[in-house]
Novice: 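Dumping the structure here so I can ask a few things about it.
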Amino acid sequence: MSNKSKIESILFVASKPLSAKKIAAVVKINDKEAVELLKDLQTNYNNADSGIAILNNGGEWQMVASADNQEVSENFLKSEVSGELTRPQLETLTVVSYCGPITKPELDQIRGVNCSLILRNLMLRGLVKENEDSANLLPAYEITMDYLRHLGLNSLQDLPNYSELHKHPYITKLDKEE
Amino acid sequence: MSNKSKIESILFVASKPLSAKKIAAVVKINDKEAVELLKDLQTNYNNADSGIAILNNGGEWQMVASADNQEVSENFLKSEVSGELTRPQLETLTVVSYCGPITKPELDQIRGVNCSLILRNLMLRGLVKENEDSANLLPAYEITMDYLRHLGLNSLQDLPNYSELHKHPYITKLDKEE
Amino acid sequence: MLTDLKLEKFEGPLDLLLQLVDQEKLSISEIALSKVTEQFFSYLDKLEKNRPEELADFLVVAARLIYLKSHSLLQYAYPEEEEAGPGLADQLKLYKQYVEASKTINGLWAVGKVAYGRTEPPIKSKEFVLPANVTTNSLYNSMVFLLSRLQPTEALPKTTIDHSISIKQKIDSIRNLLKSGQEFSFKNLLSSAQNKTEVIVSFLAILELVKQQSVRFRQVNAFEDLLVTKN
């Protein structure tokens, strides 16, 4: 069997998001090959009338039932309540969605207010997580796969104007200043 | 979305065999149509290099990882079970060890993030269990006997500095804030 | 110019600025910002009473507005200066883009389409395996690390804004000064100042009076004393 089909099997049996690194280790190929094959699978699955989609968020991958079929899926699962987002939560989530991984000073700078409490709140709701990469001194924040699932998107790149708002000059500038 | 894609989503999220009747009822089509569509999906999936297969056994249908990839699927699940805990998982297990039995809100409060997924994972790995004591409204979590035995301890009190860390003021202070 | 925007509705200083600029039907520019400076300041008093914890964020923007305003009034006093970081107008434009984008996100969120993952793995392991990194030592270290994170942060030193004198009080005293004479020296006015805040307040009071066309001032050479004359 091909490595691609092995990855398909692994994504299928997993019950949580998996890093490409982890998948590569199990299939015994290098990370780059794994990402290539994952993208390949994504192309196969993420078409207009597919009942299964492959999500990708910051190096993590997960196979899910299409968001469009939420209603029938809920017959077999406890339905997950999304709940309302408050205006500050929404604004913070938007910046983290477009600019993540992003540090708190960068986020504070963009919103013009201290975001500590909101971030804590969003982490408690499981919508934002602290980046575990400890190479940086400051923790960076990014959105979770659960949040992506609730938006019904396959990846953040599907957001309107993503590339424009993602690499904004001021953000990269802040990066250098910090 | 087409009925075929709905059935695909249903087979994906259900982790057990389903009768065509049940599937037809959820999609709101008749049984014969459902069987047609199931066969159709089977043709799509059950080809030589697919990582997912659809089984049909006596009127019941189930989506499974391809038999040919059984080894890699099992390796993956095994590595999931025996592999190292991630930092958040280890931290959650630590809190349950030193402060258990503990409810989920208490745990969330101490760690500052939602621990649902992590708890589920720790339970799947047999490290943590839900306290059966139904006197309380909220379930409490505590460590399992297996875990204690494998740590080589007779009781949690044998953990380093248990008495000091068990009721540490920083943690009891959080309780009062609630 | 009185505004009827409600304080509770602002997320933060940038949000307030954005709404003030919108209300004046201006597009975001440094000129627009200096035009809404006064309205912005009128909210600071209310803020101090109702949302004191957010005052610091608003004061940062207030300081930058004052800088912009004085810059636009006294352009010659600011030689070509490299600004540190993005300008306030640029920052506001960027903020506005994300506010717009948040509407899309809200739309997606509100639709409530959820992509469900599999919750149960098809095979479960029967025997118990202790994860490699779970040892009594690693548990202890992890607990100590957690406690260090829970350690209460020391309360920030509290300080209040120096309310020694307000611009209005200063304007009144300058008006009084001009009752007794046609002209006075700015340097003399400052010599009686109690602290830095009062120096700044005096300067702003003079700017305000110039704007109201109550006074004008003369300066023969750069960095020399200013002579303030009654109109």
Side-chain angles (χ1 to χ4, degrees), chain A residues 1-19 22-23 25-28 37 41 44-45 47-53 63-78 80 119-130 132 134 144-146, chain B residues 1-16 18 22-23 25-28 37 41 44-45 47-53 63-80 83 86-88 105 108-109 111-118 120-121 124:
Chain A
M1 297 292 279
S2 72
N3 290 331
K4 184 171 156 189
S5 102
K6 286 180 183 163
I7 294 179
E8 196 178 1
S9 292
I10 291 170
L11 285 175
F12 176 77
V13 296
S15 43
K16 60 174 191 189
L18 297 175
S19 68
K22 168 100 192 179
I23 294 170
V26 176
V27 184
K28 300 193 182 78
L37 293 170
L41 280 167
N44 296 157
Y45 276 102
N47 58 57
D49 197 44
S50 169
I52 296 181
M63 191 179 261
V64 296
S66 303
D68 289 319
N69 291 337
Q70 168 234 356
E71 218 171 300
V72 290
S73 301
E74 282 180 354
N75 283 283
F76 298 89
L77 299 165
K78 243 193 236 163
E80 296 176 35
L119 273 176
R120 198 186 142 97
N121 205 293
L122 290 172
M123 285 198 286
L124 275 169
R125 281 185 75 169
L127 301 173
V128 166
K129 63 176 178 174
E130 233 178 73
E132 289 190 31
S134 52
T144 63
M145 196 67 108
D146 279 341
Chain B
M1 298 292 279
S2 71
N3 290 331
K4 184 172 156 188
S5 108
K6 283 181 187 161
I7 295 179
E8 196 178 2
S9 290
I10 291 169
L11 287 175
F12 174 78
V13 296
S15 298
K16 55 180 186 192
L18 298 172
K22 166 90 187 176
I23 293 171
V26 172
V27 185
K28 299 189 181 85
L37 291 170
L41 279 168
N44 297 156
Y45 275 102
N47 58 56
D49 197 42
S50 168
I52 297 179
M63 194 179 257
V64 296
S66 307
D68 292 322
N69 289 338
Q70 206 181 346
E71 203 185 314
V72 74
S73 309
E74 277 179 8
N75 279 345
F76 165 73
L77 289 169
K78 243 186 248 161
S79 76
E80 271 305 280
T86 62
R87 211 189 83 187
D108 289 352
Q109 172 81 6
R111 291 206 52 238
V113 287
N114 187 325
C115 302
S116 305
L117 271 175
I118 294 174
R120 198 166 72 195
N121 201 284
L124 276 173

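Note that the structure is predicted; figures quoted are calculated from it, not measured.
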Novice: Please classify the contact between B/K28 and chain A as side chain, backbone, both or neither, with a heavy-atom cut-off of under 4.5 Å.
Specialist: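 The answer is neither part of B/K28.
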Novice: Answer with side chain, backbone, both or neither: which region of B/L117 has an atom nearer than 4.5 Å to a non-hydrogen atom of chain A?
Specialist: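 For B/L117, the contact with chain A is made by the side chain alone.
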Novice: Quick check for you: to the nearest 0.5 Å, what is the distance between B/D68 atom CG and A/S5 atom OG?
Specialist: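 OG of A/S5 is found 7.5 Å from CG of B/D68.
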Novice: With only heavy atoms counted, which part of A/N44 is less than 4.5 Å from chain B, the side chain, the backbone, both or neither?
Specialist: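 For A/N44, neither part sits under 4.5 Å from chain B.
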Novice: Donor-acceptor check, side chain of A/N69 to backbone of B/M1, threshold 3.5 angstrom: yes or no?
Specialist: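 Absent.
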Novice: Please classify the contact between A/A25 and chain B as side chain, backbone, both or neither, with a heavy-atom cut-off of under 4.5 Å.
Specialist: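 The answer is neither part of A/A25.
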Novice: Name the region of B/L18, side chain, backbone, both or neither, that has any atom closer than 4.5 Å to a heavy atom of chain A.
Specialist: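 Side chain of B/L18 only, per the 4.5 Å heavy-atom cut-off to chain A.
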Novice: Using only atom types and a distance under 3.5 Å, with no angle test, would you say the side chain of A/S9 pairs donor to acceptor with the backbone of B/S73?
Specialist: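 Absent.
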Novice: Tell me, out of A/V128, A/L122, A/L41, A/V64, who's got the most heavy-atom pairs with chain B below 4.5 Å.
Specialist: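 Top option by heavy-atom pairs under 4.5 Å: A/V64.
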Novice: Which heavy atom in B/Q109 sits nearest to a heavy atom in A/R120, and how many Å separate them?
Specialist: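 Smallest interatomic distance, heavy atoms only, reads O-NH2, 3.8 Å.
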Novice: Among B/A53, B/G51, B/G112, single out the residue with the greatest number of heavy-atom pairs under 4.5 Å to chain A.
Specialist: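 Option with the greatest count: B/G51.
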Novice: Please enumerate all residues that pass side chain to side chain donor-acceptor pair (under 3.5 Å) together with B/S50, with sequence neighbours excluded.
Specialist: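 Partners of B/S50 by the side chain to side chain donor-acceptor pair (under 3.5 Å) criterion come out as none, since no residue qualifies.
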Novice: Under a 4.5 Å heavy-atom cut-off, does chain B meet the side chain of A/L77, its backbone, both or neither?
Specialist: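 Contact with chain B is through the side chain of A/L77 alone.
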Novice: Could you tell me if the side chain of A/F76 sits less than 4.5 Å from the side chain of B/K22, heavy atoms only?
Specialist: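 When only atoms from C-beta onward are counted, A/F76 and B/K22 do touch, with a gap below 4.5 Å.
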Novice: Counting C-beta onward and ignoring hydrogens, is there a side-chain heavy-atom pair between B/D49 and A/E8 closer than 4.5 Å?
Specialist: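 Sidechains of A/E8 and B/D49: no contact.
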Novice: Can you confirm whether A/E71 is buried at CD, in the sense that more than 12 heavy atoms of other residues, nucleotides or ligands lie under 6.0 Å from that atom?
Specialist: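 For A/E71, atom CD is not crowded (no more than 12 foreign heavy atoms under 6.0 Å).
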Novice: Is chain B contacted by the side chain of A/K16, its backbone, both, or neither, given a heavy-atom distance below 4.5 Å?
Specialist: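 When you check distances to chain B, only side chain atoms of A/K16 fall under 4.5 Å.
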Novice: Going through the checks in order, is the side chain to side chain contact (heavy atoms under 4.5 Å, CB included) test met by A/M123 and B/D108?
Specialist: CA-CA 10 Å; A/M123 285 198 286; B/D108 289 352; over 6 Å; no
Novice: Is the closest side-chain heavy-atom distance between B/I10 and A/N75 below 4.5 Å?
Specialist: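 Counting from C-beta outward, B/I10 and A/N75 never come under 4.5 Å.
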